[in-house]
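Numbering of ligands and ligand atoms starts at 1, following listing order. A quick note: this is a predicted structure, and the numbers were derived from the prediction, not measured.
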Amino acid sequence: MAIKPRVIYWFRTDLRLHDSPALAAALDLKPECLWPIWCWDPHYVYRARVGPNRWQYLLDCQQDLSDSIARLNPKSRLHVLREAPQTLLPKLFKAWKVTHLVFEKDTDAYARSRDEEVMSSAREAGVQVIVKYGKTLWDPDAVVKANGNKPTMTISQLRHAGEKVGDIPRPIPAPKSIPDPGNMPLDFAQTQPAPEPDLNSIYRTRKENSYEKLAGPNGDFAVPTIEELGIKSATTPHRGGETGALAVLDNIIKNEQYTATFEKPKSAPTAFEPQSTTLLSPHLHFGSLSCREFYWRVQDVVDNFKGKASQPPVSLTGQLLFRDMYFAAQAKMGWKFSQTVGNDHCRFIPWHLRSKVDGPDGLVTGEYNIDSVEAEEWFQRWKTGRTGFPWIDAVMRQLKQEGWIHHLARHSVACFLTRGGCYIDWERGAEVFEEWLIDHETACNTGNWQWLSCTAFFSQFYRCYSPIAFPQKTDKNGDFVRHFVPELKDFPAKYIYEPWKAPIQDQRTAKCIIKGDGTVQTIDELPAYPKPMFDFSTRRDICIGGMKNAYRVGLYGNSPKVVNGSWPSA
Ligand code: FAD
């Protein structure tokens with residue numbers, strides 16, 4: 001008699017039940033038992049930068065998924081297992097007599113190497129592996145192939161390649177039932193322990209998060225709370241989970257006018273409560289919303305819309321194309337995509353402050369540049385919202401507090417840090433975004449930082465965002481600044497973006513003195529707000545000059561030696 005399948009369904013980037021091709025494939029096996037599991041991966045615990053807001057968002061998604069599974073089958077739920085998948089899964093294959101392992105494809109550089117390792121141990125154990133893509137509109141590897149085996153560096157390359165790959169699949173419905181999980185013996189004594197992956201020694205260099213703390217206090221497989229993880233409380237108002245994601249999408253789709261005529265460049269970066277774009281990015285990141293569900297729900301509205309609908313790339317579906325473009329670029333370039341060193345598509349710019357980069361072997365392959373002391377000070381002031389430019393500071397404070405900022409606000413602060421103000425390496429900024437964004441996605445974060453720093457994807461470096469004129473376009477009164485930089489809340493609208501220009505008497509009336517570098521909190525018992533850390537137009541001109549020179553020299557990827565501050569000749 002044929003053995004009925006005993007399936008582990010490994011949730012990773014797909015914390016949902018709706019439109020999950022991988023989950024559907026697992027259920028199509030008509031398993032005798034199916035274990036829905038999540039493994040804490042030391043890579044994300046130790047090595048990735050994850051702030052409390054993203055941790056909370058992840059736990060929300062896990063809990064919501066677990067509850068939804070339990071609603072379909074009260075005997076089941078999401079089982080959260082606290083060990084690296086590379087070592088844990090081989091043990092489970094034997095102990096649980098697993099026949100199949102099923103998961104959603106992940107083309108992130110680290111994920112690929114992890115999955116290779118897991119698949120190889122599955123083969124050794126005679127376990128069949130089923131992998132389905134579902135995180136993007138098209139399979140990034142298929143897009144790369146259709147693009148002549150090259151990374152997609154423009155939206156038109158992505159669109160042409162996508163057309164060759166084929167129609168974007170229609171979403172599939174959520175399952176109506178989930179099989180029982182089998183027994184879960186965890187006595188691995190009789191099984192051969194799998195060797196520790198070599199990379200673990202590198203992961204353990206990040207000591208501040210103790211992996212031991214991640215063991216649940218109740219000794220079960222329940223989704224932990226943030227307190228149980230020993231992580232400080234989140235400050236974001238945004239909550240994760242498939243149930244919430246689908247409700248937000250429903251609301252957007254109900255507003256046909258908004259859905260069909262959405263134009264990203266016309267949306268206000270200064271809008272908050274509510275924001276002017278969908279804020280679905282963290283749901284797409286954790287897979288609590290399927291991007292194909294999103295795409296087709298929008299496209300159906302557009303197809304039936306009586307008025308003039310907007311078109312890609314500015315339309316809502318166009319936004320998802322950008323996402324696919326970055327995923328396919330990363331799929332082709334692997335770990336090199338996320339840094340300048342070794343990346344043939346990324347321009348080398350002799351930034352004042354450059355990033356230290358870990359090569360794949362853990363070696364430091366980058367270098368620090370000269371001028372770094374003053375630039376480091378600028379970097380710290382940018383990061384902590386103390387630049388003295390209220391628009392920049394408000395955005396950075398929103399980012400730290402809430403974990404999400406509008407796309408054009410990301411443009412402003414990224415341009416300011418790199419080619420439009422500080423002339424600091426985009427990799428330093430990307431690291432801050434990595435830690436604080438709740439929607440942090442390596443492919444999208446890297447690609448957009450390269451775009452904004454004009455190192456790849458975009459090259460119009462003479463177009464800079466003014467921290468004064470740009471926010472004024474959509475928020476003359478400065479309500480956004482007043483909310484996130486409350487020291488300035490009583491400043492007259494005339495000075496809200498340039499408070500240093502206000503006469504001292506106006507500063508006293510507004511109960512805030514403009515002085516210092518932001519480390520001084522009060523002056524004469526009044527709150528203080530810093531002076532601008534540099535003259536913006538002077539810095540912009542210096543940056544444009546530097547970019548012109550770097551474009552003229554035209555180096556990519558490499559890290560040439562900067563000797564005594566001199567720039568290598570062409
Ligand atoms: P909407 O405008 O409603 O767009 C719908 C969806 O399309 C988004 O949810 C997102 O998944 C996708 N999308 C929209 N614009 C882009 C874009 N330019 N690139 C890729 N996908 C896009 N997005 C991330 O998802 N993760 C990141 O880590 C990230 N880092 C960024 C860093 C910088 C410097 C910049 C300039 C942009 C970054 N973005 C990132 C892209 C973009 O800013 C966000 O996706 C968007 O602001 C999310 O808000 P939303 O869901 O309301 O977007």
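Among Ser315, Ala414, Ser281, the residue whose heavy atom lies closest to atom 8 (C) of ligand 1 is Ser281. Proximity annotation for atom 7 (O) of ligand 1: of Gln319, His285, His411, Gln319 comes nearest, heavy atoms only. With atom 34 (C) of ligand 1 as the reference point, the heavy atom nearest to it among Tyr295, Trp449, Phe322, Trp404 is part of Trp449. Residue nearest to atom 25 (O) of ligand 1, selected from Val413, Asp439, Leu408: Asp439 (by heavy-atom distance).
Arg397 forms no cation-pi arrangement with Phe484, by the criterion of a distance under 6.0 Å to the ring centre and an angle within 45° of the ring axis. Relative to the six-membered ring of Trp10, Arg12 meets both conditions, a distance below 6.0 Å and an angle of at most 45° to the axis. In this structure, Arg419 fails the cation-pi test against Phe461, since its NZ or CZ atom is not both closer than 6.0 Å to the six-membered ring centre and inside 45 degrees of the ring normal.
The single protein non-hydrogen atom nearest to atom 40 (C) of ligand 1 is Arg410 NH1, 3.3 Å, given as residue, atom name and distance. Closest to atom 17 (C) of ligand 1 among all protein heavy atoms lies Asn448 ND2, 3.7 Å. Ranking protein heavy atoms by distance to atom 2 (O) of ligand 1, first place goes to Lys264 NZ, 2.9 Å. Among protein heavy atoms, atom 50 (P) of ligand 1 sits closest to Leu279 N, 3.5 Å. Shortest contact from atom 3 (O) of ligand 1 to any protein heavy atom: Thr278 OG1, 2.5 Å. When hydrogens are left out, the protein atom nearest atom 43 (O) of ligand 1 is His407 ND1, 2.7 Å; that is the closest non-hydrogen contact.
With a 4.0 Å heavy-atom cut-off, ligand 1 is reached by no atom of Glu434. Contact annotation for Thr442 and ligand 1: no heavy atom of the residue comes within less than 4.0 Å of the ligand. Residue contacts with ligand 1 for Trp451 are absent, since no atom lies close enough (heavy atoms, distance under 4.0 Å). Under 4.0 Å from ligand 1, not a single heavy atom of Phe457 appears.
Close contacts of ligand 1 with Leu437, meaning ligand atoms under 4.0 Å from a residue heavy atom, involve 27 (C), 28 (O), 30 (N). Close contacts of ligand 1 with Phe433, meaning ligand atoms under 4.0 Å from a residue heavy atom, involve 32 (C), 33 (C), 34 (C). Taking every heavy atom of Arg323 and a limit of under 4.0 angstrom, the matching atoms of ligand 1 come to 11 (O), 20 (C), 21 (N). Near Thr277, meaning under 4.0 Å from any of its heavy atoms, are these atoms of ligand 1: 1 (P), 2 (O), 3 (O), 50 (P), 52 (O). Of all atoms in ligand 1, numbered sequentially from 1 with element shown, those under 4.0 Å from a heavy atom of Leu280 are 9 (O), 51 (O). Atoms of ligand 1 lying under 4.0 Å from at least one heavy atom of Leu284, given by number and element, are 9 (O), 11 (O). Atoms of ligand 1 lying under 4.0 Å from any heavy atom of Leu452, numbered from 1 in the order shown and given with element: 36 (C).
Here's the thing with Phe262: none of its N/O atoms is less than 3.5 angstrom from an N/O atom of ligand 1. Where the criterion is an N or O separation shorter than 3.5 Å, residue side chain and backbone included, Glu441 meets it with respect to ligand 1. Ligand 1 has a nitrogen or oxygen under 3.5 angstrom from a nitrogen or oxygen of Asn445.
Shown here for Asp425 and Leu417, the closest heavy-atom pair between the two residues is O-CD2, 4.4 Å.
Taking the six-membered ring wherever Trp is involved, the centroid distance between the rings of Phe480 and Trp391 falls below 6.0 Å. Aromatic rings from Phe286 and Tyr57 are positioned such that their centres are separated by under 6.0 Å. Ring centroids of Phe433 and His440 are separated by 6.0 Å or more, keeping the two rings apart. For Phe389 and Phe416, the ring centers sit closer than 6.0 Å to each other. Close placement of the Tyr423 and Trp351 rings is indicated, their centers lying within 6.0 Å of each other. Checked against the 6.0 Å centroid criterion, the rings of His411 and Tyr465 qualify as a close aromatic pair.
At least one donor-acceptor pair under 3.5 Å links the side chain of Asn445 to the backbone N or O of Ala430.
Under the 4.0 angstrom criterion for non-hydrogen atoms, Phe294 is in contact with ligand 1. At a 4.0 Å cut-off, at least one heavy atom of His440 sits close enough to ligand 1 to count as contact.
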- Task: Could you walk me through whether Lys135 and Asp108 pass salt bridge (Lys or Arg N to Asp or Glu O under 4.0 Å), step by step?
- Result: CA-CA 11 Å; Lys135 193 171 165 58; Asp108 177 78; over 6 Å; no
- For side chain to side chain contact (heavy atoms under 4.5 Å, CB included), just list the numbers for Thr277 and Trp404, CA-CA rounded to whole Å, side-chain angles, deciding distance to a tenth of an Å, and then say yes or no. CA-CA 11 Å; Thr277 55; Trp404 182 90; 3.5 Å; yes
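For Lys132, the side-chain contact (heavy atoms from CB on, under 4.5 Å) partners two or more places apart in sequence, or in a different chain, are Pro21, Ala22, Ala25, Ile130.
By the 30° and 60° cut-offs, the orientation of the rings of His43 relative to Tyr110 is parallel.
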